Amino acid sequence: MKKSIQSLLILAGLGAAGMCWLDVTYWIDPISGFPQMGGILVRYGALAALCLLAVVASMLSARGTAASGQKNNWSAVASGLCGVAYTIAGAFRLATVIPALQTIIQSADRKLWQELFRTNCGPDVLMGVLALLSAWTLFAQCDFWHTAKAGDSPVGGIYFAASGMLYLCGMAFERFLAHTSSMYRVYHIVQLLSVMIGLVFVLSLLRVCFFPETGRGRSCTRNGLICFYVCTCCELVFSTVQWTRGYVPMGDLLNSVILGMTGLLGLTYSLHQIDPSTVGEKDVSGRMST
């Protein structure tokens with residue numbers, strides 16, 4: 001039963017990714033993002049159906065978060081991949097500002113120094129550092145899931161782990177400034193939603209890892225599956241197709257890869273939590289999970 005449910009959830013994601021690829025390749029105008037065939041209600045309805053599937057699947061996991069303190073090698077691998085994505089994105093951000101930084105260092109004009117840093121270097125330097133910080137926290141999370149024992153929590157504490165969310169917060173700010181989309185540009189709306197969904201999942205994951213007594217295992221499972229469907233199966237596919245056509249720059253593609261790997265982490269965590277046999281058992285607080 002458990003294996004069948006897990007396979008169904010994975011197949012749903014693969015099917016969504018395949019349909020998204022067909023949609024972006026053949027039925028969406030690559031420049032404007034407006035649909036050329038089919039209505040927007042079909043696309044939004046498909047997203048709603050995936051979210052509903054995630055909600056239903058999360059009901060098959062216990063409210064308790066005992067599995068969060070157990071070894072989970074697949075989540076360890078996903079955390080490592082996510083850390084690698086952050087590292088590459090951070091290095092790319094910093095590499096793009098090296099010429100401007102050299103000009104700043106060589107300039108003796110304080111006003112020019114301030115102007116160059118404010119307009120050219122500041123945001124990329126800050127985001128690059130935050131990306132590397134996020135990579136550090138995810139590598140720590142990778143080690144935690146590889147060697148976890150009951151009652152353990154990731155090294156560094158809650159504040160160190162929470163600092164890994166800062167890059168996603170900055171990405172959300174950037175996207176809301178850059179995207180002025182209408183509801184008819186479905187995938188541009190998805191890009192706005194995906195970063196917020198990624199933030200919600202990471203926040204819920206921190207909660208169950210550091211505060212398992214709150215009994216929020218189901219909400220984290222639900223958020224992880226939704227993150228997988230939206231960030232990995234929709235956003236990453238859209239950005240990859242657009243990048244191959246030359247419509248998406250490398251920096252934006254790397255951001256989509258980060259979100260895609262975050263969605264993969266959500267999938268591996270959620271599949272580990274889903275177990276129909278645990279429904280009805282007591283969680284860590286002594287409450288019934290049904």
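This structure is a prediction, so every number in the text was calculated from the model and none was measured.
Residues Val55 and Leu50 do not share a hydrophobic cluster, clusters being chains of Ile/Leu/Val/Met/Phe/Trp/Tyr side chains in contact below 4.5 Å. Val202 and Phe176 fall within the same hydrophobic cluster, where Ile, Leu, Val, Met, Phe, Trp and Tyr residues are linked whenever their side-chain heavy atoms come under 4.5 Å apart, directly or through other members. Grouping the Ile, Leu, Val, Met, Phe, Trp and Tyr side chains by contacts below 4.5 angstrom, directly or via other members, places Leu236 apart from Val200. Linking Ile, Leu, Val, Met, Phe, Trp and Tyr whenever their side-chain heavy atoms come within less than 4.5 Å puts Phe211 and Tyr159 in one cluster. Under the 4.5 Å side-chain heavy-atom criterion for grouping Ile, Leu, Val, Met, Phe, Trp and Tyr, Leu14 is connected to Leu267 within one hydrophobic cluster.
Taken to the nearest 0.5 Å, the CG atom of Leu259 stands 7.0 Å off from the SG atom of Cys227. With values rounded to the nearest 0.5 angstrom, Met196 atom CE is found 12.0 Å from Met171 atom CE. Considering CZ of Arg218 and CG of Leu60, their distance stands at 8.0 Å, rounded to 0.5 Å. Atom CE of Met127 is separated from atom CG of Leu133 by 12.0 Å, given to the nearest 0.5 angstrom. Atom CD1 of Ile197 and atom CD1 of Ile226 lie 6.5 Å apart (nearest 0.5 Å). Annotation: the span from Tyr184 atom OH to Ile40 atom CD1 amounts to 5.0 Å, rounded to 0.5 Å.
Under the 3.5 Å distance criterion, with hydrogens and angles disregarded, no donor-acceptor pair is assigned to the side chains of Gln141 and Ser79. With hydrogens and angles left out, the side-chain atoms of Ser256 and Ser239 include a donor and acceptor closer than 3.5 Å.
Side-chain contact check for Trp21 versus Tyr26: some heavy-atom pair is nearer than 4.5 Å. Side-chain contact between Leu192 and Val195 is absent, with no heavy-atom pair separated by less than 4.5 Å. Residues Leu271 and Lys3 form no side-chain contact, since every pair of their non-hydrogen atoms from C-beta on lies 4.5 Å or further apart. The shortest side-chain heavy-atom distance between Tyr247 and Pro30 falls under the 4.5 Å cut-off. Side-chain atoms of Ser194 and Arg175, non-hydrogen and from C-beta on, do get closer than 4.5 Å to each other. Inter-residue side-chain proximity for Pro35 and Trp27 is flagged as unmet; no heavy-atom pair is nearer than 4.5 Å. Contact check for Arg43 versus Ile28: side-chain heavy atoms found under the 4.5 Å cut-off. With contacts defined as side-chain heavy-atom distances shorter than 4.5 Å, the pair Val129/Arg93 does not qualify.
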Residue pair Ser58, Thr221: steps toward the side chain to side chain donor-acceptor pair (under 3.5 Å) verdict: CA-CA 6 Å; Ser58 68; Thr221 300; over 6 Å; no

Met250/Trp243 under side-chain contact (heavy atoms from CB on, under 4.5 Å): CA gap, chis, key distance, verdict: CA-CA 7 Å; Met250 177 59 71; Trp243 177 74; 3.5 Å; yes

Verdict with supporting geometry, Leu9 and Ile274, side-chain contact (heavy atoms from CB on, under 4.5 Å): CA-CA 11 Å; Leu9 294 173; Ile274 291 175; 3.4 Å; yes

Step-by-step side-chain contact (heavy atoms from CB on, under 4.5 Å) determination, Asn223 to Phe228: CA-CA 9 Å; Asn223 296 337; Phe228 170 66; over 6 Å; no

Worked verdict on Phe160 versus Thr137 for side-chain contact (heavy atoms from CB on, under 4.5 Å): CA-CA 7 Å; Phe160 171 69; Thr137 64; 3.7 Å; yes

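Minimum interatomic distance between Val208 and Tyr269 (heavy atoms only, all atoms of both residues): CG2-OH, 3.5 Å. Between Cys234 and Cys20 the shortest heavy-atom distance is O-SG, 3.6 Å. The two atoms that bring Arg245 and Thr25 nearest to each other are NH2-O, 2.9 Å, heavy atoms only. Considering all non-hydrogen atoms of both residues, Val186 and Tyr44 come closest at CA-OH, 3.9 Å. When all heavy atoms of Gly164 and Tyr86 are compared, the pair lying nearest together is O-OH, 4.4 Å. Minimum heavy-atom separation, Met261 to Ala85: CG-CB, 4.1 Å.
Each of Asn73, Val77, Leu265 was scored for a side-chain contact (heavy atoms from CB on, under 4.5 Å) with Trp145, with one residue passing: Leu265.
Residues forming a ring pair (Phe, Tyr, Trp, His ring centres under 6.0 Å) with Tyr187 (at least two apart in sequence, or on another chain): Phe238.
At distances below 3.5 Å, not a single donor-acceptor pair connects side-chain atoms of Ser75 with backbone N or O atoms of Asn72. No donor-acceptor pair under 3.5 Å is formed between the side chain of Thr232 and the backbone N or O of Tyr229.
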